[in-house]
Amino acid sequence: MKRTIHEMTNIVSTPAWQKSTFWLQENMSNQCQKCQQKFNLVRSKHNCKLCGRAVCKSCSFKDVILYLPDDEDTKEPRLSVIKVIGSPSVEPELALYVRVCESCLERLKNRQLEMLEKEEKMLAKGGDSLEMLLKEHSTMYRNEVKMEDQLNEYQIIIESLEDNSRKLNSSGKSNIQTVAKAQEDLADYLAQYVLNIQRMKKLTPESNTQAILFRNCLKGKCDFYFDNQFRFKSLQKTLGDSTPPKILECIQRTVDKHAIVSTQLYIRQLTYESLHLCDKYNLRDNIPQKLTLTDEFVEKETLDCIEQDGDDIDDHSEQLQELLQSQLKDHRLIKLSKRTLKCSGSHHAADMLITRSTDILHQVKVQLMMKSANRSFPQTKQTLDQTLEELKIVTLQDIVKL
């Protein structure tokens with residue numbers, strides 16, 4: 001079949017379906033429209049099958065294939081640039097090679113790579129927009145249940161303190177830890193809910209019906225967040241009215257310490273993983289450098305907080321190292337797709353490095369802002385903002401070595 005197609009194309013003139021709208025007739029051009037060299041017996045004339053321009057053999061390429069996929073049920077023809085990611089790995093049974101000019105070849109290459117990248121991102125996110133909305137809604141619903149349960153538990157603690165059924169004093173460290181832990185958990189749930197809402201805002205509806213559905217769903221989630229945020233603040237105010245200032249300060253110091261230690265753990269792990277990726281896939285280390293600088297500021301304020309709280313710094317360092325080893329073994333922050341890695345190689349590693357570094361830094365920033373007091377850890381918060389701004393302008397070309 002393939003042999004017959006090629007033989008026919010050599011015998012008959014170019015059929016009308018292969019001619020573009022702007023096809024230039026042979027008698028209308030006597031020179032190549034790319035290099036401006038005149039056509040002759042040695043320099044033959046060809047037409048680009050896409051734009052129709054008359055070009056010579058040197059300025060055109062027969063690297064574009066029109067084919068029917070062998071391994072799919074669909075029989076819709078496809079156009080692809082060979083030897084570029086996204087083209088068939090084996091020549092299809094039904095295929096026709098067409099000649100195009102250099103400009104059209106570059107446009108086709110870019111289009112093919114962009115479509116592949118779009119498909120990979122859609123697969124990584126779990127499908128189309130509606131599926132992604134349903135997935136996000138399910139995640140947020142589970143968070144809502146936990147948040148309401150935690151708010152009820154926090155309210156019981158506050159009410160028990162008001163009724164003097166539970167003493168909260170400087171010597172009652174277990175009670176202080178209980179209140180601090182309840183506040184931390186609530187702040188975590190609220191921070192995660194904010195991140196879910198921000199992800200939901202990025203979804204693009206594919207129809208007017210979906211747009212209405214997305215808008216109503218987003219409004220409901222925002223209303224839930226504001227209602228529970230108001231309830232959390234009201235309970236904190238009630239706690240403040242019934243608790244001595246020194247005890248409130250002790251509770252907030254406990255929450256602050258846990259927040260900055262968690263921030264240090266995430267930043268340190270992200271730094272280690274980014275260094276490993278750059279070394280393994282031969283990427284430039286500009287992102288690890290930014291993360292290392294961020295880690296230094298976080299470490300300084302973490303150690304200051306631990307020292308002020310009277311804890312042992314060496315013990316903290318040992319515990320941090322143990323947690324890091326556990327996290328790096330079982331809970332990686334940057335996970336690569338083996339399928340995409342096989343197709344895109346270091347480009348996929350670089351793309352995931354940029355994406356995950358931005359996501360994790362943003363998550364850490366939101367959680368730190370939600371948990372800690374406004375006056376706490378100013379340098380860390382400023383550095384996180386600065387690093388996030390710097391990552392916004394980082395591109396694949398900045399990371400992938402040519």
From [X] [atom1] over to [Y] [atom2], what is the distance, rounded to the nearest 0.5 angstrom?
X: Lys62; Y: Ser60; atom1: NZ; atom2: OG; value: 9.5 Å
X: Ile334; Y: Leu353; atom1: CD1; atom2: CG; value: 5.0 Å
X: Thr294; Y: Arg268; atom1: OG1; atom2: CZ; value: 12.0 Å
X: Met132; Y: Met200; atom1: CE; atom2: CE; value: 10.5 Å

With a sphere of 6.0 Å drawn around [atom1] of [X], does it hold more than 12 non-hydrogen atoms of other residues, nucleotides or ligands?
X: Tyr266; atom1: OH; result: no
X: Asp223; atom1: CG; result: yes
X: Glu390; atom1: CD; result: yes
X: His46; atom1: NE2; result: yes
X: Asn208; atom1: CG; result: no

Side-chain heavy atoms of [X] within contact of [Y], under 4.5 Å:
X: Leu303; Y: Glu299; answer: yes
X: Cys59; Y: Glu102; answer: no
X: Asp351; Y: Ser344; answer: no

Consider only side-chain N and O atoms of [X] and [Y], and report whether a donor and an acceptor are under 3.5 Å apart.
X: Ser376; Y: Asp256; answer: yes
X: His348; Y: Lys342; answer: no
X: Gln155; Y: Glu159; answer: yes
X: Glu148; Y: Asn228; answer: no
X: Lys381; Y: Ser372; answer: yes
X: His362; Y: Gln198; answer: yes

Derivation and outcome, side chain to side chain donor-acceptor pair (under 3.5 Å), residues Thr395 and Asp398: CA-CA 5 Å; Thr395 63; Asp398 297 328; 3.1 Å; yes

Aromatic plane relationship, Tyr225 with Tyr193 - under 30° parallel, 30 to 60° tilted, over 60° perpendicular: parallel

Under the side chain to side chain donor-acceptor pair (under 3.5 Å) test, residues paired with Glu389 that sit two or more places apart: Lys392

Stepwise salt bridge (charged side-chain N to carboxylate O under 4.0 Å, His left out) check, Arg253 with Glu249: CA-CA 6 Å; Arg253 279 205 315 269; Glu249 184 179 347; 3.7 Å; yes

